[in-house]
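Report on one structure; see the data block that follows.
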2 protein chains.
Amino acid sequence: MTIAETSKKYGLTADTLRYYERIGLIPPVPRTKGGVRNYDDASCGWIELVRCMRSAGVQIEALIEYGALCRQGEGTEERRKEILLEQRALLLGRMEKMQRSLDRLDYKIANYDQILRGK
Amino acid sequence: MTIAETSKKYGLTADTLRYYERIGLIPPVPRTKGGVRNYDDASCGWIELVRCMRSAGVQIEALIEYGALCRQGEGTEERRKEILLEQRALLLGRMEKMQRSLDRLDYKIANYDQILRGK
DNA sequence: TCTTGACCTGGAGTACGCTCCAGATGATAT
DNA sequence: ATATCATCTGGAGCGTACTCCAGGTCAAGA
């Protein structure tokens with residue numbers, strides 16, 4: 001797959017895909033003889049995971065460390081799990097704050113509903 | 001209340017409080033004769049709301065517009081409600097993405113649990 | 001072969017939301 | 001009165017995560 005196709009498939013710009021590779025967020029993508037990126041299933045798998053995590057706000061740094069450990073292979077499982085647990089806790093914390101804001105928004109919206117209905 | 005006290009009370013730095021005021025995210029705070037900020041209940045109310053919304057990731061721009069409309073007074077309720085509904089939708093969308101990531105993290109963590117237990 | 005469009009790299013620029021700083025002034029304890 | 005600390009303003013700087021660009025190479029159709 002070319003970068004244009006991959007970009008379309010995952011809804012990330014070509015620049016973002018190159019950026020992710022450049023900073024080591026995804027492993028080096030295989031190239032054609034001419035040096036053009038040719039995304040394979042392995043690359044796509046990483047991209048898909050990264051897209052999911054990034055869309056939820058998981059920090060790039062954590063994902064880089066996790067990916068590096070995966071590529072290092074055995075013996076790194078403990079630390080990998082630790083990273084995932086950390087990110088899980090961060091996500092939960094943020095979701096709680098969002099829930100509080102959501103409740104507050106709902107309350108205010110209900111108020112405006114009443115005010116505007118009374119008009 | 002001084003800025004130091006307000007900072008402590010809401011867990012925002014003095015710099016952040018001044019920044020919020022500077023950009024119009026909260027209305028101008030009353031001053032002593034000497035020009036020192038003296039946070040009153042109205043100021044604190046705005047700060048508390050803003051802190052809640054910002055901690056959930058609501059964009060500053062939306063909060064500025066909402067605050068400006070509130071200060072404009074009557075006739076702006078429709079637009080105010082619209083803003084709140086927009087932000088509500090954005091929050092929900094982000095929470096869904098986070099939930100998807102969370103599920104994925106849980107799945108992976110369970111995997112590592114198994115791997116590490118088997119060792 | 002030529003042209004046109006996609007892709008390459010390295011590096012600079014951008015948006016957001018703070019965060020820090022300098023130099024000056026205000027407030028407070030002695 | 002003086003020293004010390006808090007606060008003031010305007011403006012520069014920073015971290016994160018992209019996003020854009022220039023100048024060059026690759027590839028596919030006519």
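By convention in this document, chain letters (A, B, ...) are assigned in the order of the sequence lines, proteins followed by strands, and residues within each chain are numbered from 1. All values derive from a computational prediction rather than experimental measurement.
For the pair A:Met1 CE and C:dA6 P, the interatomic distance rounds to 17 Å; values are reported in whole Å. Rounded to a whole Å, the CD atom of A:Glu61 is 8 Å from the P atom of D:dA17. Between the P atom of D:dT16 and the CG atom of A:Leu63 lies a distance of 14 Å, rounded to the nearest Å. At whole-Å resolution of the value, OH in B:Tyr19 and C1' in D:dG11 are 14 Å apart. With rounding to whole Å, B:Ile3 atom CD1 is found 12 Å from D:dT9 atom C1'. The CD atom of A:Glu21 sits 8 Å away from the P atom of C:dC8 (whole-angstrom rounding). Atom CG in B:Leu17 sits about 11 Å away from atom P in D:dT7, given to the nearest Å. As a whole-Å value, the separation of A:Glu5 CD from C:dC7 C1' is 13 Å.
The two residues B:Ile23 and B:Ile64 make their nearest non-hydrogen contact at O-CD1, 3.5 Å. Smallest separation of non-hydrogen atoms from B:Gly24 and B:Arg71: O-NH1, 4.1 Å.
The side chain of A:Ile60 has D:dC18 as its nearest neighbour among D:dT7, D:dC18, C:dC7. Side chain of B:Tyr20, nearest nucleotide from D:dC18, C:dC18, D:dT9: C:dC18. The nucleotide whose nearest atom lies closest to any side-chain atom of B:Thr13 is, among C:dT19, C:dC8, D:dT9, C:dT19.
A:Gln59 comes within 4.0 angstrom of sugar-phosphate atoms only, judged by non-hydrogen atoms across all strands, and of no base. Across all strands shown, B:Ala4 has heavy atoms under 4.0 Å from sugar-phosphate atoms exclusively, and none from any base.
Using a cut-off of 4.0 Å between Lys/Arg side-chain N and Asp/Glu carboxylate O, B:Asp15 and B:Arg18 are scored as salt-bridged.
Side-chain atoms of A:Ile47 and A:Tyr20, non-hydrogen and from C-beta on, never get closer than 4.5 Å to each other.
Proximity of B:Arg54 to the phosphate of C:dC16: no side-chain N or O atom is located under 4.0 Å from OP1 or OP2. OP1 and OP2 of D:dT7 both lie 4.0 Å or more from every side-chain N or O belonging to B:Arg37. The phosphate of D:dA6 has neither OP1 nor OP2 within less than 4.0 Å of any side-chain N or O from B:Thr2.
The closest donor-acceptor contact from the side chain of A:Ser7 to the backbone of A:Leu12 lies under 3.5 Å.
Rounding to the nearest 0.5 Å places CG of A:Leu85 at 9.0 Å from CG of B:Leu105. Once rounded to the nearest 0.5 Å, the distance linking CE of B:Met53 with CG of A:Leu102 reads 9.0 Å.
The only member of B:Glu78, B:Glu77, B:Lys81, B:Arg80 that meets side chain to side chain donor-acceptor pair (under 3.5 Å) when paired with A:Tyr112 is B:Arg80.
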- Item | Nucleotide-resolved protein contact map, nucleotides 20-30 of chain C, B/S/- at heavy-atom distance under 4.0 Å | B-----SS---
- Task: Output, in order, the C-alpha distance, side-chain angles, deciding distance and verdict of side-chain contact (heavy atoms from CB on, under 4.5 Å) for A:Trp46 and A:Cys70.
- Result: CA-CA 11 Å; A:Trp46 281 105; A:Cys70 287; 3.8 Å; yes
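For A:Glu82, the side-chain hydrogen bond (donor to acceptor under 3.5 Å, both in side chains) partners at least two apart in sequence or on another chain are A:Arg79.
Taking the C1' atoms of five terminal pairs at each end of the helix from C:dT1-D:dA30 to C:dT30-D:dA1, the two resulting helix axes are inclined by 0°, rounded to 10°.
In terms of position along DNA chain D, the nucleotide closest to B:Asn38 lies nearer the 5' end than the nucleotide closest to the other residue of the pair A:Val58 and B:Asn38.
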